[in-house]
Amino acid sequence: MSEDLITLTFPDGARKTFPKHSTGLEVAESISKGLARNAFSITLDEDVLDLDRPIDRDGKISINTWGSEDGQYTFWHSSAHLLAEAVQELYPEAKFGIGPPIESGFYYDIDFGDRSFGQDQLAAIEKKMLELARTKSEFKKREVSKDEALNFYKEKNNEYKVDLISELEEGTITFYEQGNFTDLCRGPHLPDTSPIKAVKLTKVAGAYWRGDVNSKQLTRIYGITFPKQKMLDEHLEQIEEAQKRDHKKLGKELGIYMMDSMVGPGLPLWLPNGTVLRRTLEAFLRDEQKRRGYQEVITPHIANLELYKTSGHYPYYKESQYNPMEVDDDEYMLKPMNCPHHHRIYANDLKSYRDLPVRLAEFGTVYRYEQSGELNGLSRVRGFTQDDAHIYCTHDQLKDEIKHVINLTQYVFNTFGMPVDIRLSFRDDNESKYGGDSEYWERAQKEINEVADELELDYKIVEGEASFYGPKIDFIIRDAIGRKWQLGTVQVDYVMPERFDLTYVGSDNEKHRPVIIHRAPFGSMERFVSILIEHFAGDFPLWLAPVQFAILPISDDFNDYANVCAEKLNSIGARYEVDSRSEKIGAKIRDAENRKIPYMFIVGEREQEESTVSVRRHKHGDIGTFPFDEFLGKVKEEIDSMELPPKPKK
RNA sequence: GCCAGUGUAGCUCAGGGGUAGAGCAGCGGUUUUGUAAACCGCCGGUCGUCGGUUCAAAUCCGGCCACUGGCUCCA
């Protein structure tokens, strides 16, 4: 093969040769004009490159358009520069920090000096961005020396860029220029600004320079852009849809929980409907755990400070705990975690290897002093209940126990129809971040990996995400509208057995250290309920719905028959309400629909005579008339099988 | 904790220096109803809170509190 040719492999596996130094644009053009027109950048192996960059090596290539993640990143990265250019035009004194693309859009961190910057100013910037985009300014790349780069920003008094450049190596520094704006940037970028057709700046936030609380706080402007106005409209609609599902809104409407300033921030009060929901979830997990050999325990809400000193959590997490209180001559603290209590229960008597594994479970309520700005509805609170359990086992049992736990966790999420991504969180090279014997770590990570393979899990390994005391398996679920939430974790712990001097007597008659697995499929009941509300948009499966049935008599004359039906529902342990108000049936239906009650039974003369009910399913309308006893059997089955709600019809 | 924003009736929201408004909900009546809102009447507010400016503050200014969106943190 000639040295002047390169071979590129396309995503579909096709290989083609091109003259060396062909650009991405030329490669795209060779496929189709349309592709070339829509191309933003290319990805060559792992590198995302400008379209006009000459390609001088063989590799796997993909042409990035709006349809690919790399393409969107290129688009939003360029949009961040456009935002900066607009800001520079309107606020010449502004100094720029960093402006990367993110999962959904981009942001730029900007120092506006002493000037206060708020939402109101965004509209003008949006307008300016569109105006600048229409000028079709090219993104021009330029290599600069370190000195030149430093001088450029020193002259502008921009300490942030100087800070960034000082960490870069000579020969790798590039500037991108569009219009009157020049930015330190690795690229790549769009050929020019013209594809940016729709702009929305979404929010303003304070953000510390380099994420360091001790550094200056810059103003972060978030935004998102699209190549078509229609896409922006759709995006805004999606946001609206998400807001309709917001658990804070639905939690109030459906009577799930309340917050009260007299009780205190971050301390939710569970209302009757929410309590049904939570207790039902707890019963579900409790039954499952009983079946799987867990023993339930109960521990108090406060404990002597010594306990947390022994565990090492105090003073390490002092900042995020409620202050200790003095009791007699000792100090006591609201419990920030359940583990130490369970460890003491384990240590209560001498354990033989025959006793292991010991699986102690508790719906344990804990209190943590979260920073005020962090509190958020039910998903971030200061008092919450973990579905906690600690499994004490031998090293030989570890693999099986991890399997058990993964199995349980998957079963749980499957029940709610939530797809799960699995992440193995291992340690990195930074020894000082982790406790325990590295030999054990290696072994545990290997075993976790083996278990994941044996269970044929689809997982990814992330180094550096392990906890202080051991590697973790994190379960990341996706809800009904595709948002990701990190829920249950499984953590292997080698540190606490040492700290609490936990032992068991082996078959060799010697004392050994057990290994501990911490796990909580839901994480916390509060957070899980918040996610469930949003996942189901308040339309809970029948088995979970706080009120499952509404009986709606057509008029007062049929209240008696309604009560007969109610009595039957009662006998199967169902949750129901009879709406005997003097309202028209339409109004009763509307109320029941708004309250998202899964089934409505409408009873009038016909139904009374024939011992039937006319059934409406929430969101689906009239589904027909059934003999009541027969239908009762059906719904009982739906409850027992924990069926998911039917998909809403279009 | 920091940045930005919000706070008016139980709920959703209007008003923006000169006597506090609507719809829904609630209560009292009338109506007895067939698949997403019957009608009439009534009740309901120290306009988050404390202070300042003013003849006069829900409205302007400041402190505090709570909430929202981010940042930081998350055993």
Side-chain angles (χ1 to χ4, degrees), chain A residues 107 109 112 116-122 202-222 239 243 246 248-249 252-253 258-266 308 311-314 316-321 335-340 366 368-377 380 382 386 388 435 467-470 472 486 489 491 493 495-496 518 520 523-524 527 552-559 580-595 600-607 614-625:
Chain A
Y107 66 79
D109 284 347
F112 285 96
S116 155
F117 190 92
Q119 299 272 345
D120 310 347
Q121 281 128 291
L122 293 181
T202 45
K203 49 204 169 202
V204 179
Y208 300 102
W209 174 240
R210 305 210 129 177
D212 180 357
V213 194
N214 299 313
S215 296
K216 181 162 176 167
Q217 193 166 43
L218 308 182
T219 302
R220 175 171 297 178
I221 301 178
Y222 284 90
I239 290 175
Q243 278 167 353
D246 188 303
K248 295 184 284 294
K249 178 177 176 292
K252 183 188 270 188
E253 280 173 18
M258 61 177 274
M259 290 291 181
D260 183 74
S261 58
M262 204 180 277
V263 175
Y308 306 110
S311 72
H313 292 105
Y314 188 91
Y316 191 58
Y317 289 102
K318 194 164 180 246
E319 292 305 306
S320 49
Q321 292 166 180
K335 91 170 154 182
M337 79 287 295
N338 302 300
C339 347
V366 298
R368 297 179 188 174
Y369 183 80
E370 303 288 356
Q371 294 187 47
S372 60
E374 193 55 48
L375 301 174
N376 182 336
R380 202 65 194 269
R382 285 181 174 164
Q386 297 176 310
D388 218 351
S467 77
F468 165 71
Y469 49 68
K472 299 192 293 182
Q486 189 189 319
T489 67
Q491 311 184 353
D493 178 357
V495 176
M496 290 305 144
H518 302 241
S524 91
R527 191 168 137 78
L552 313 178
I554 296 284
S555 79
D556 288 358
D557 294 342
F558 311 106
N559 285 350
S580 54
R581 292 173 306 163
S582 133
E583 287 286 356
K584 292 177 76 166
I585 194 67
K588 294 185 185 183
I589 287 169
R590 189 183 141 84
D591 285 349
E593 287 283 353
N594 285 340
R595 292 176 56 204
M600 282 151 267
F601 297 141
I602 293 155
V603 295
E605 193 169 0
R606 291 198 295 274
E607 289 76 12
S614 171
V615 182
R616 268 187 81 99
R617 174 85 217 201
H618 170 56
K619 279 195 154 171
H620 287 257
D622 194 349
I623 59 172
T625 301

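Below, chain A is the first sequence line, B the second, and so on; all start at residue 1.
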Under 4.0 Å: is that the gap between some side-chain N or O of [X] and OP1 or OP2 of [N]?
X: K249(A); N: U68(B); value: no
X: K203(A); N: U6(B); value: no
X: N376(A); N: G69(B); value: yes
X: Y208(A); N: G1(B); value: no
X: S582(A); N: U33(B); value: no
X: S372(A); N: G1(B); value: yes

Base of [N] paired with side chain of [X] (donor-acceptor, under 3.5 Å):
X: S320(A); N: A75(B); value: yes
X: Q119(A); N: G69(B); value: no
X: R368(A); N: C74(B); value: no
X: D556(A); N: U32(B); value: yes
X: Q217(A); N: C2(B); value: yes

For [N] versus [M], give the span between their [atom1] atoms, rounded off to a whole number of Å.
N: A25(B); M: C65(B); atom1: C1'; value: 28 Å
N: C3(B); M: U19(B); atom1: C1'; value: 40 Å
N: C67(B); M: U8(B); atom1: C1'; value: 16 Å
N: G70(B); M: A36(B); atom1: C1'; value: 39 Å
N: A20(B); M: C2(B); atom1: P; value: 36 Å
N: G23(B); M: G7(B); atom1: P; value: 22 Å

Which residue in the set R527(A), R380(A), R382(A) passes salt bridge (charged side-chain N to carboxylate O under 4.0 Å, His left out) when paired with E370(A)?
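Output: one option passes, namely R380(A).
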Using a 3.5 Å distance criterion without hydrogens, assess whether the side chain of [X] forms a donor-acceptor pair with backbone atoms of [Y].
X: E593(A); Y: K619(A); value: yes
X: K203(A); Y: Q119(A); value: no
X: T202(A); Y: Y222(A); value: yes

Remember a base hit wins even if backbone is also touched, and classify [X] as base, sugar-phosphate or nothing at under 4.0 Å, heavy atoms.
X: A205(A); value: base
X: G377(A); value: sugar-phosphate
X: G373(A); value: base
X: R220(A); value: sugar-phosphate
X: Q486(A); value: nothing
X: I585(A); value: sugar-phosphate
X: Y107(A); value: nothing
X: E605(A); value: base
X: F468(A); value: nothing
X: S467(A); value: nothing
X: E607(A); value: base
X: L218(A); value: nothing
X: V204(A); value: base
X: E253(A); value: nothing

Where do Y107(A) and I221(A) land on the side-chain contact (heavy atoms from CB on, under 4.5 Å) test, with the steps shown first?
CA-CA 5 Å; Y107(A) 66 79; I221(A) 301 178; over 6 Å; no
Look at the side chain of [X] and decide which nucleotide, out of [options], has an atom nearest to it.
X: R380(A); options: A75(B), C73(B), A38(B); value: C73(B)
X: K248(A); options: U68(B), A75(B), C71(B); value: U68(B)
X: P265(A); options: A66(B), C71(B), G69(B); value: A66(B)
X: Y369(A); options: G70(B), G1(B), U32(B); value: G1(B)

Verdict with supporting geometry, Y314(A) and Q321(A), side-chain hydrogen bond (donor to acceptor under 3.5 Å, both in side chains)
CA-CA 9 Å; Y314(A) 188 91; Q321(A) 292 166 180; over 6 Å; no
